[in-house]
2 protein chains.
Amino acid sequence: MATARVIITLKKTIMDAQGQTVEKALHNLGYTGVSNLRIGKYVEMTVEGRDQERVEEMCRKLLANPIIEDFRIELEE
Amino acid sequence: MATARVIITLKKTIMDAQGQTVEKALHNLGYTGVSNLRIGKYVEMTVEGRDQERVEEMCRKLLANPIIEDFRIELEE
């Protein structure tokens with residue numbers, strides 16, 4: 001059994017409207033030093049065996065949209 | 001300037017309906033070895049100075065809902 005942690009983010013070239021909105025809200029609250037805020041998804045799951053390729057396949061097939069999103073995987077026993 | 005990465009997850013005691021749905025979808029695709037899947041949010045931003053407390057404050061005030069969510073912060077110069 002291993003724990004897989006996947007972080008899915010919009011590609012740098014894709015505009016992140018949600019992130020821009022949250023960044024503006026932080027500025028309005030007085031946190032003016034915040035910039036380049038981007039929002040993504042986080043998926044944590046238990047998988048059988050430490051199989052990076054299998055998790056990558058799950059990302060490409062279901063968890064992420066490879067056209068507009070990048071993903072990175074951490075696997076830990 | 002520092003980069004802050006925040007991972008926001010539902011507290012363990014809160015049911016994650018979205019996570020259960022994605023887990024079932026993975027099972028239907030043949031990935032039957034997946035369990036305990038939980039979905040969260042990921043926020044990446046540039047902040048002025050490496051100030052953990054200030055980022056924690058942002059999480060409590062806006063980014064997370066401390067009643068139902070936990071968050072963890074990584075700060076990197």
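Reminder, nothing fancy here: chain letters follow the sequence lines and each chain counts from 1. For the numbers below, each heavy atom of this structure counts, side chains included, while hydrogens, waters and symmetry mates do not. If you're wondering where the values come from, they're calculated on a predicted model, not measured in any experiment.
To the nearest 0.5 angstrom, Glu57(A) atom CD is 3.5 Å from Tyr31(B) atom OH.
Taking the side chain as every heavy atom from C-beta outward, Met58(A) and Val34(B) approach each other to under 4.5 Å.
Looking at Thr9(A), only its side chain comes within 4.5 Å of chain B, counting heavy atoms on both sides.
Contact count against chain A (heavy-atom pairs under 4.5 Å) is highest for Ile7(B) among Leu29(B), Ile8(B), Ile7(B), Ile39(B).
Taking 4.5 Å as the heavy-atom cut-off, the residues of residues 46-56 of chain B that approach chain A are Thr46(B), Val47(B), Glu48(B), Arg54(B), ordered by number.
Taking hydrophobic clusters as Ile, Leu, Val, Met, Phe, Trp and Tyr residues chained together by side-chain heavy-atom distances below 4.5 Å, Val6(A) does not share a cluster with Tyr42(A).
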Report all side-chain donor-acceptor pairs from residues 19-26 of chain B shorter than 3.5 Å, counting only partners two or more places apart or in another chain.
unit_1, atom_1, unit_2, atom_2, d
Thr21(B), OG1, Ala17(B), O, 2.9
Glu23(B), OE1, Asn36(B), N, 3.2
Glu23(B), OE1, Leu37(B), N, 3.0

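Think of Ile14(B) as one node in a network of Ile, Leu, Val, Met, Phe, Trp and Tyr side chains linked at under 4.5 Å; its network also takes in Leu10(B), Ile67(B), Ile68(B).
Remark: Glu44(A) engages Lys12(B) in a salt bridge, criterion side-chain N to carboxylate O under 4.0 Å.
Every residue two or more places apart in sequence or in another chain that forms a side-chain contact (heavy atoms from CB on, under 4.5 Å) with Glu74(B) is listed here: Arg5(B).
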